[in-house]
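This report refers to the structure that appears directly beneath it.
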Amino acid sequence: MATLNAIHDKLHRALGQLGGRIDAIFFCPHAQEDNCSCRKPKPGLYEEIGHRLNMSLKGVPSVGDALRDLQAAACVGAPTHPGADR
């Protein structure tokens, strides 16, 4: 968690220097063997985002660098776009 928090802090600071901001970061804290609903390719994380923001994610673009990212987004109707390294 310390490493993830450091990455997020660096991201917030770098974007802030450019005048941008991040309102929220969502991630699944579970291991694959936990079989939770928020670990991609299951759509639970996207569903939680929609619930917390009180909106549908249908039509909201989603970028992912792995097939499981795109599969989870497709489950909630978010149009998918592979990451630049794909």
Side-chain angles (χ1 to χ4, degrees):
M1 278 307 300
T3 300
L4 183 59
N5 287 334
I7 291 168
H8 291 165
D9 184 55
K10 184 176 180 178
L11 182 63
H12 282 281
R13 282 187 281 116
L15 195 55
Q17 290 176 349
L18 299 171
R21 76 169 200 244
I22 297 170
D23 291 327
I25 294 178
F26 295 87
F27 65 96
C28 171
H30 306 108
Q32 186 171 0
E33 55 272 3
D34 291 337
N35 198 29
C36 66
S37 65
C38 60
R39 190 162 178 94
K40 296 177 262 179
K42 294 179 182 175
L45 187 61
Y46 285 94
E47 292 168 347
E48 178 65 20
I49 293 167
H51 175 74
R52 287 196 191 187
L53 298 177
N54 194 32
M55 63 179 282
S56 168
L57 298 183
K58 189 172 187 150
V60 176
S62 177
V63 177
D65 65 350
L67 178 59
R68 67 181 172 267
D69 299 332
L70 305 178
Q71 290 169 322
C75 286
V76 296
T80 59
H81 306 277
D85 64 334
R86 298 283 167 204

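Nothing fancy with the numbering, it's 1 onward along the sequence.
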Checklist entry - Could you give the distance from NZ (K42) to CG (N35), rounded to the nearest 0.5 Å? => result 3.5 Å
Checklist entry - Between Q32 and R39, which heavy-atom pair has the shortest distance, and what is it? => result CA-NE, 3.4 Å
Next on the checklist: Please report the interatomic distance OH(Y46) to CG(L57), rounded to the nearest 0.5 Å.
Outcome noted: 8.5 Å
Next on the checklist: Please enumerate all residues that pass side chain to side chain donor-acceptor pair (under 3.5 Å) together with E48, with sequence neighbours excluded.
Outcome noted: R52
Item to check | Intermediate values then yes/no, side chain to side chain contact (heavy atoms under 4.5 Å, CB included), K40 and C28 | outcome: CA-CA 8 Å; K40 296 177 262 179; C28 171; over 6 Å; no
Item to check | Results of side chain to side chain donor-acceptor pair (under 3.5 Å) for N54 - residues two or more places apart only | outcome: none
Checklist entry - Is there a chain of hydrophobic side chains (I, L, V, M, F, W, Y, each step under 4.5 Å between heavy atoms) that links V63 to V60? => result no
Item to check | Heavy-atom pair of closest approach, residues L70 and T80 | outcome: O-CG2, 3.4 Å
Item to check | Exercise: identify the closest heavy-atom pair between S62 and A73 | outcome: OG-CB, 3.4 Å
Next on the checklist: I'd like to know if the side chain of N5 reaches the main chain of A2, judged simply by a donor and an acceptor atom lying under 3.5 Å from each other, with no hydrogens or angles considered.
Outcome noted: no
Checklist entry - Taking only residues two or more places apart in sequence or in another chain, which ones pass side chain to side chain donor-acceptor pair (under 3.5 Å) with D23? => result R21
Item to check | H81 side chain near P61 side chain, heavy-atom distance below 4.5 Å | outcome: yes
Checklist entry - Do L45 and L53 belong to the same hydrophobic cluster, where Ile, Leu, Val, Met, Phe, Trp and Tyr are linked whenever their side-chain heavy atoms lie under 4.5 Å apart, directly or via other members? => result yes
Checklist entry - Are I25 and I7 in one and the same hydrophobic cluster, where Ile, Leu, Val, Met, Phe, Trp and Tyr link if side-chain heavy atoms are under 4.5 Å apart? => result no
Checklist entry - How long is the gap from OG on S56 to NE2 on H51, to the nearest 0.5 Å? => result 14.0 Å
Checklist entry - Going through the checks in order, is the side chain to side chain contact (heavy atoms under 4.5 Å, CB included) test met by H8 and I22? => result CA-CA 10 Å; H8 291 165; I22 297 170; over 6 Å; no
Checklist entry - Going from CG on D9 to CG on L4, what distance comes out if it is rounded to the nearest 0.5 angstrom? => result 11.5 Å
